[in-house]
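By convention here, the first residue in the shown sequence is residue 1. Counting starts at 1 for both ligands and their atoms, following the listed order.
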Amino acid sequence: MSAKNLSPVRKKLLRWYDNHKRDLPWRRRRDPYAIWLAETMLQQTQVKAVLPYYEKFLAAFPTAGALARAPLERVLRLWSGLGYYRRAENLHKAASQVMGEHRGKIPQDYDQLRALAGIGEYTAGAILSIAFHKPYPAIDGNVRRVLGRLFSVAGEKELRALALKLVPKARPGDFNQALMELGATVCTAKNQRCAECPVNLECASRERSRNNSVATRRRIKYENVIWPLAIVRGSGKILLRRRAAQGLLAGLWELPGGELTPRQKLSDLLHAHLPGLPVSRAGIKKIGEFRHAITHRRIRAPIYLFECPVSDALRLARHRWRWVDPTRIKDHAVSSMTSKAVKILANHEATSL
Ligand code: SF4
């Protein structure tokens with residue numbers, strides 16, 4: 001499509017957005033911090049998953065200052081269940097940077113934004129265009145797909161050049177959101193409803209993409225994983241351990257357990273994760289299992305219950321292990337897998353009464 005055809009695309013997309021955009025809480029906000037938070041939560045996460053977290057998080061930490069002052073554990077607790085916890089850690093770190101280096105104001109400069117923890121090209125473009133009305137593109141997965149289909153471009157360089165040319169000086173934030181909205185609701189990965197699309201007359205691949213959508217869709221390879229979890233119970237409490245401060249799900253509390261390798265025996269794995277605890281091999285009792293997906297991994301997690309006397313003689317390192325009342329699990333920043341396992345324990349208790 002030539003540059004002269006960009007103007008109708010902009011106009012039609014903006015008009016469509018004005019009439020069809022979903023009423024989402026972050027679209028009612030104007031302050032850059034609230035927009036930054038939404039864009040961070042929405043990374044690799046669907047709108048419906050973010051909704052229950054967004055207002056709660058904003059109520060707890062209404063400003064960058066409030067977030068910077070909060071202990072990381074409290075931040076992780078409110079993020080618990082949303083996944084990709086590195087985002088919460090980076091947000092917390094970046095809030096301190098904003099307070100320390102920018103006198104509490106979110107920077108309006110691209111390079112300064114990119115220097116904040118966790119802010120990549122997409123988030124910087126989204127904040128600049130939505131919060132500060134600057135004509136920067138914001139290319140996420142939805143926008144990449146829509147532009148790819150609409151203009152029949154595939155290469156990343158070509159796509160970026162096009163996105164930069166396309167974003168208007170007037171209403172750049174609304175325009176970027178219109179592209180994202182179109183990708184989320186009309187021109188989706190699985191389906192494109194070209195008949196309802198506001199730019200179907202301009203679209204370079206309307207027919208082709210409809211015919212080839214299944215054949216050209218990228219196939220994701222999933223890895224099947226078995227991840228047994230141990231619930232060690234003593235005096236009505238269960239034992240949680242804390243993950244390392246670095247790496248996946250850093251700093252969260254979780255039930256002991258881990259990935260079972262092909263040649264490993266279940267009992268060896270469980271005992272390797274329960275070092276020094278007086279739990280007997282004979283006492284392993286399976287109380288249920290659940291399925292869970294993390295990025296490309298499909299996890300089956302069987303749950304095993306162990307009874308264990310709570311005693312000072314256990315000498316558990318307080319910073320790594322903690323006895324917790326399972327009915328108060330939400331007071332801790334726990335992984336989603338741990339929350340699911342504790343629900344299974346509650347069901348098991350209820351049905352075995
Ligand atoms: Fe996507 Fe169809 Fe619209 Fe083209 S016409 S942008 S393929 S929904």
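- With atom 2 (Fe) of ligand 1 as the reference point, the heavy atom nearest to it among S205, S152, C197, C194 is part of C194.
- Taking the six-membered ring where tryptophan is involved, the planes of W16 and H20 are essentially parallel, since the angle between them stays under 30° and well short of 60°.
- Considering all non-hydrogen atoms of both residues, S80 and Y53 come closest at O-OH, 3.0 Å.
- The nearest pair of heavy atoms linking R144 to I139 is NH2-CG2, 4.0 Å.
- Every atom of ligand 1 with a heavy atom of C203 under 4.0 Å away is listed here by number and element: 4 (Fe), 5 (S), 6 (S), 7 (S).
- Which parts of ligand 1 touch N200 is read off a 4.0 Å heavy-atom cut-off, strictly below it: atoms 5 (S).
- Not one N, O or S atom of C187 sits under 2.8 Å from atom 4 (Fe) of ligand 1.
- Looking at R145 and N142, their side chains do bring a donor and an acceptor atom within 3.5 Å of each other.
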